[in-house]
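First listed ligand is number 1; within each ligand, the first listed atom is number 1.
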Amino acid sequence: MSNQLDKIKELVKLRSEARLGGGETSIDKQHNKGKYTARERLAMLLDKGSFEELDMFVKHRCTNFGQEKKHILGDGVVTGSGTIDGRLVYVYAQDFTVFGGSLSETMAQKICKVMDLAMSMGTPCIGINDSGGARIQEGICALAGYGEIFERNILASGVIPQISGIFGPCAGGAVYSPALTDFTLMTEGTSNMFLTGPKVVKTVLGEDISAEELGGASVHSSKSGVTHFTAATEEEAIATIRKLISFIPQNNLEEAPRIACTDPIDRTDDLLNDIIPDNPNKPYDMYKVINSIVDNGNFFEIQKNFAKNIIIGFAHMNGQSVGVVANQPKYLAGVLDSNASRKAARFVRFCDAFNIPLFTLVDVPGFLPGSGQEHNAVILHGAKLLYAYGEATVPKVTVTLRKSYGGSHIVMSCKQLRGDVNYAWPSAEIAVMGGAGAVSILNGKEAKAQEDPKAFLAAKEKEYTELFANPYVAAQYGYIDDVIEPRNTRFRVIRALSQLRTKKQRNPDKKHGNIPL
Ligand code: HXC
């Protein structure tokens with residue numbers, strides 16, 4: 001046999017060795033936990049046969065604690081590139097079968113390499129996390145590796161989309177890479193994220209709490225808002241990431257892919273003429289409005305279980321990707337609070353960074369009052385949303401359905417925040433505050449002097465409501481561009497978006513603004 005053939009055989013052997021990661025026993029353990037391996041995950045994520053692996057022969061360089069005798073080809077992460085629906089992406093997947101996916105110096109270098117390539121090529125970077133954190137044997141070198149990754153996450157922010165899948169443990173400072181990325185997805189029951197695990201919590205605070213209760217998918221999707229998506233299975237998780245990619249551009253210099261629109265752009269819907277209840281205090285379901293307006297009723301919701309009083313997500317309008325932000329009257333009357341504000345603000349900023357037009361549906365009675373909100377800095381959180389809308393230079397089309405009162409009117413993409421096209425339905429009520437509140441301030445003293453204060457205030461409230469609770473006062477000043485028939489909303493919004501396709505707007509040059517974080 002020729003020398004050359006022997007060398008090729010050795011290559012094939014080394015490759016299959018690397019593909020086995022931590023070995024069959026560890027792979028079985030991973031499968032028994034209901035989890036796939038790093039390579040299996042990438043195979044599902046990427047178009048069939050498109051994966052190009054990098055750095056398969058990398059080994060760690062640690063010589064502490066007998067590590068010099070334990071080498072696994074590729075170390076604890078699988079990295080490379082591939083395509084999703086034909087579009088290039090860079091990827092990495094931590095391999096729990098190798099030292100528990102713990103991060104070594106060389107592993108960090110592998111991850112940084114694909115992050116750098118994604119930045120150079122202008123493609124999304126997707127990381128799948130499943131790791132015991134910093135490789136304990138490597139000490140400060142592992143920490144330095146995290147630092148290198150975080151810095152790249154920060155520099156890539158707003159340049160390329162970054163997506164994190166959490167498919168296993170993600171603890172300690174390791175959580176900060178996903179937190180810095182644009183979207184995070186957690187698998188239910190098999191993943192968790194926390195800065196300090198249950199054992200430390202018990203030692204420091206004496207609190208008994210399970211890993212799931214402390215930082216499982218359900219907690220982070222409903223309470224903290226740390227994760228944007230959850231999935232019952234890894235298959236579902238991967239499908240969600242692929243779907244997300246379909247709505248977003250490759251980088252901040254491109255537009256999201258336009259798809260063929262099979263839904264007539266002039267489709268009207270009588271349901272919308274009928275959806276606002278006669279009683280202004282009665283709720284209706286904003287999802288019905290969104291689904292009626294967007295292409296084929298396909299709405300891809302983000303953070304659906306967190307701050308349900310505001311809805312965010314992607315949809316297509318005439319095949320163009322748009323970011324939808326909508327108050328939800330069915331939940332807390334659609335009021336803005338701290339969580340709703342920060343949820344929507346981050347989404348608005350993502351859309352603005354990546355050239356995705358904003359379509360806003362308004363029905364907001366105001367900001368949630370009370371010490372709970374005030375003491376939790378609703379002023380700063382509300383200001384985030386205000387800042388995000390006011391800073392955004394992408395096309396902004398807004399439709400006010402019903403209430404739009406006070407500060408929340410301004411925050412929700414009003415004309416003065418450079419809203420491009422602001423429509424209202426005839427049912428819109430655009431004013432400083434609702435009738436009851438207004439007359440109690442304006443006519444409270446006067447009422448006390450009346451024979452029947454209640455009847456007096458009711459009459460005043462009626463007068464105020466008739467005068468202000470409509471869209472025409474705002475339209476009279478040009479703060480609303482047109483009052484439209486609800487059933488025509490789809491067509492009017494599509495036409496507005498099409499006019500705005502060539503919109504050019506720049507903010508003043510600066511190093512960066514100082515958003516109230
Ligand atoms: C080295 C590690 C490791 C680590 C796990 N392993 N974590 N090796 N460094 N951090 C190894 C285990 O020794 C074991 O090796 C294999 O991975 C699988 O781990 P198991 O414990 O058997 O798995 P499981 O029971 O599923 O438990 C998973 C786990 C647990 C919950 C993640 O391993 C764990 O608690 N690990 C430590 C987590 C941690 O405290 N990390 C440091 C966080 S601080 P063998 O050879 O037996 O198969 C941190 C700072 C980051 O990360 C700062 C960034 C700024």
Side-chain angles (χ1 to χ4, degrees), residues 20-38 41 59-78 92-112 115 127-154 164-181 184 186-187 189-204 209-217 219-220 226 234:
L20 261 188
E24 267 155 16
T25 315
S26 302
I27 293 173
D28 288 346
K29 268 196 193 163
Q30 180 83 345
H31 287 161
N32 291 340
K33 285 183 202 156
K35 291 159 70 179
Y36 286 103
T37 65
R41 288 166 176 165
K59 293 180 192 169
H60 73 74
R61 291 191 279 261
C62 179
T63 52
N64 302 325
F65 302 102
Q67 281 292 91
E68 66 280 2
K69 292 186 207 112
K70 296 185 201 162
H71 279 290
I72 294 175
L73 285 183
D75 207 359
V77 66
V78 182
Y92 68 87
Q94 294 169 339
D95 186 348
F96 194 84
T97 69
V98 180
F99 306 117
S102 58
L103 191 102
S104 66
E105 176 199 10
T106 44
M107 198 170 137
Q109 283 170 356
K110 283 182 71 172
I111 293 173
C112 289
M115 293 175 87
I128 295 182
N129 296 260
D130 186 1
S131 161
R135 184 150 326 152
I136 294 162
Q137 299 89 333
E138 297 209 11
I140 186 67
C141 293
L143 290 190
Y146 276 120
E148 295 285 348
I149 294 169
F150 298 165
E151 180 64 22
R152 279 166 179 77
N153 284 137
I154 294 160
S164 303
I166 318 294
F167 285 30
C170 181
V175 295
Y176 281 123
S177 177
L180 288 166
T181 62
T184 300
M186 293 181 76
T187 51
T190 45
S191 73
N192 46 58
M193 292 177 81
F194 32 69
L195 275 169
T196 45
K199 277 188 195 145
V200 178
V201 171
K202 173 77 183 160
T203 313
V204 178
I209 189 160
S210 69
E212 183 62 26
E213 286 167 328
L214 185 63
V219 167
H220 286 311
V226 164
E234 292 197 14

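Heavy-atom proximity to atom 49 (C) of ligand 1, evaluated over Pro198, Gly168, Ala134, Pro169, is greatest for Ala134. For the residues Gly100, Ala144, Gly132, the heavy atom positioned nearest atom 38 (C) of ligand 1 is part of Gly132.
Ranking protein heavy atoms by distance to atom 54 (C) of ligand 1, first place goes to Tyr146 CD1, 3.3 Å. For atom 25 (O) of ligand 1, the nearest protein heavy atom (residue, atom name, distance) is Lys33 NZ, 5.0 Å. Nearest non-hydrogen protein atom to atom 9 (N) of ligand 1 is Ile136 N, 3.1 Å. Among protein heavy atoms, the minimum distance from atom 3 (C) of ligand 1 is reached at Ser102 CB, 3.8 Å. Among protein heavy atoms, the minimum distance from atom 33 (O) of ligand 1 is reached at Phe96 CZ, 5.0 Å. The protein heavy-atom contact nearest to atom 22 (O) of ligand 1 is Lys29 NZ, 5.0 Å. Atom 53 (C) of ligand 1 has Leu143 CD2, 3.5 Å as its closest protein atom, hydrogens excluded (heavy atom only). Of the protein's non-hydrogen atoms, the one nearest atom 2 (C) of ligand 1 is Phe99 O, 3.6 Å.
Under the 30°/60° scheme for interplanar angles, the aromatic rings of His60 and Phe99 are found to stand perpendicular.
Near Gly133, with a cut-off below 4.0 Å to any heavy atom, the atoms of ligand 1 are 52 (O). Proximity to Gln137 (heavy-atom distance under 4.0 Å) selects the following atoms of ligand 1: 1 (C), 9 (N). Atoms of ligand 1 lying under 4.0 Å from at least one heavy atom of Phe150, given by number and element, are 55 (C).
For atom 15 (O) of ligand 1, the nearest protein heavy atom lies 4.0 Å or farther away. Counting protein heavy atoms under 4.0 angstrom from atom 31 (C) of ligand 1 gives zero. Protein heavy atoms come within 4.0 Å of atom 51 (C) of ligand 1.
A side chain to side chain contact (heavy atoms under 4.5 Å, CB included) with Asn129 holds for exactly one of Pro178, Pro169, Ser191; it is Pro178.
Using a distance-only test at 3.5 Å, with no hydrogens or angles considered, no donor-acceptor pair links the side chain of Asp95 to the main chain of Val77. Under the 3.5 Å distance criterion, the side-chain polar atoms of Glu138 are matched with a main-chain donor or acceptor of Glu105.
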